[in-house]
Amino acid sequence: MTTLTQILRSIEHDAFPPPDLGVTVVSAPSAREACVMAFTAHTVIAAEVDAAWVAERLPPEDMVAPVAPPFLTALAEATGREAHCLDAMLLAPAQPASDLVSNLEELTDHTHPRIVRALQYRDDVRAYVDPYGGVVIVGRGVAGRLECAIEVPDSVQGRGHGRRLAQAARALIPADAHIWAQVTPGNAASFRAFLAAGYRIVGSEILFF
């Protein structure tokens with residue numbers, strides 16, 4: 001596999017990089033971002049650097065070094081980008097449409113703060129609001145993968161709305177597709193919602209913009 005797109009599509013079908021303590025270096029997925037993705041005992045670096053540059057800066061068979069501050073700082077300087085936060089990557093297959101989708105209303109106002117933010121990182125963005133004011137967004141992000149994000153108003157948190165929105169995202173994509181979600185590790189409530197909605201953790205990522 002020579003592109004990040006190929007790697008991510010393979011992961012969607014349960015074919016992960018080999019757990020060999022190795023590092024795979026591929027081109028940046030787009031002009032918009034670069035990234036470091038960590039999977040079980042394997043790291044993928046997708047950026048405008050070559051494998052020799054990476055090898056000079058990483059001890060062999062060190063799972064921590066590729067995601068540690070010294071290397072991330074060097075990568076940011078080499079690419080002229082800034083590192084974003086560490087996120088866990090969660091993944092789920094599509095599921096049939098249900099009443100979770102029927103009560104959603106599409107948002108056409110692209111000045112909504114959540115949509116404005118999504119448009120900075122994704123293409124083909126679609127956003128929907130539920131009767132409780134919750135928002136679910138679906139779009140194409142890193143390497144063209146389908147990604148989602150959800151937002152639940154403070155006034156209705158703790159009632160299962162996050163789980164329902166995460167499930168709805170699975171019904172808003174083609175039947176043969178998969179949907180990705182990125183969750184900051186400290187956001188326990190979001191983690192619980194996505195796991196309850198049938199997503200599984202497949203790795204972690206740090207994006208560079």
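Since the structure is predicted, the reported quantities are computational estimates derived from the model, not experimental observations. These values consider heavy atoms only, across backbone and side chains, with no hydrogens, waters or symmetry-generated copies.
Using a 4.5 Å cut-off between side-chain heavy atoms of Ile, Leu, Val, Met, Phe, Trp and Tyr, with links allowed through other members, V36 and I201 fall into different hydrophobic clusters. Taken together through direct or relayed side-chain contacts under 4.5 Å among Ile, Leu, Val, Met, Phe, Trp and Tyr, V23 and F208 form part of one hydrophobic cluster. No single ILVMFWY cluster, assembled from side-chain heavy atoms under 4.5 Å apart, contains both M37 and L58. In the hydrophobic cluster analysis, where Ile, Leu, Val, Met, Phe, Trp and Tyr join through side-chain heavy atoms closer than 4.5 angstrom, I115 is grouped apart from V138. Both V101 and V152 belong to a common hydrophobic cluster when Ile, Leu, Val, Met, Phe, Trp and Tyr are linked at side-chain heavy-atom distances under 4.5 angstrom.
Looking at heavy atoms from C-beta onward, L146 lies out of side-chain contact with D124 at the 4.5 angstrom threshold. Looking at heavy atoms from C-beta onward, L104 lies in side-chain contact with L172 at the 4.5 angstrom threshold. No side-chain heavy atom of V64 sits less than 4.5 Å from a side-chain heavy atom of F71. Proximity of V26 to T3: side-chain heavy atoms (C-beta onward) are nowhere separated by under 4.5 Å.
Note on ring orientation: taking the six-membered ring where Trp is involved, the planes of Y121 and H84 are tilted (angle from 30° to 60°).
Residues forming a side-chain hydrogen bond (donor to acceptor under 3.5 Å, both in side chains) with T40 (at least two apart in sequence, or on another chain): none. Scored by the ring-ring contact (aromatic ring centres under 6.0 Å, His included) test, H161 finds Y132 as partners (sequence neighbours excluded). Residues satisfying the side-chain hydrogen bond (donor to acceptor under 3.5 Å, both in side chains) test with D130, not counting sequence neighbours, are none. Partners of D14 according to the side-chain hydrogen bond (donor to acceptor under 3.5 Å, both in side chains) rule, which considers only residues two or more places apart in sequence or in another chain, are R200.
Remark: the backbone N or O of A168 is not paired with any side-chain donor or acceptor of Y128 at under 3.5 angstrom. The backbone N or O of Q182 lies less than 3.5 Å from no partner atom in the side chain of E147, so there is not a single donor-acceptor pair.
Partner of P17 under the side chain to side chain contact (heavy atoms under 4.5 Å, CB included) criterion, chosen from T43, I7, T24: I7. R145 pairs with exactly one of M89, R140, R122 by the side chain to side chain contact (heavy atoms under 4.5 Å, CB included) rule, that one being M89.
Between F194 atom CZ and C148 atom SG the span is 4.0 Å, to the nearest 0.5 Å. Atom CG of D50 is separated from atom OG of S27 by 10.5 Å, given to the nearest 0.5 angstrom.
Applying the ring-ring contact (aromatic ring centres under 6.0 Å, His included) test to every pair with at least one member in residues 165-193, sequence neighbours left out, gives these pairs: H13-H178. For residues 17-46, there are no ring-ring contact (aromatic ring centres under 6.0 Å, His included) pairs, not counting sequence neighbours.
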- Task: Applying salt bridge (charged side-chain N to carboxylate O under 4.0 Å, His left out), run through E77 and R57 and close with a yes or a no.
- Result: CA-CA 13 Å; E77 292 174 351; R57 289 158 178 81; over 6 Å; no
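The pair E48-R81 meets the salt-bridge criterion, with a side-chain N (NZ, NE, NH1 or NH2) lying under 4.0 Å from an Asp/Glu carboxylate O.
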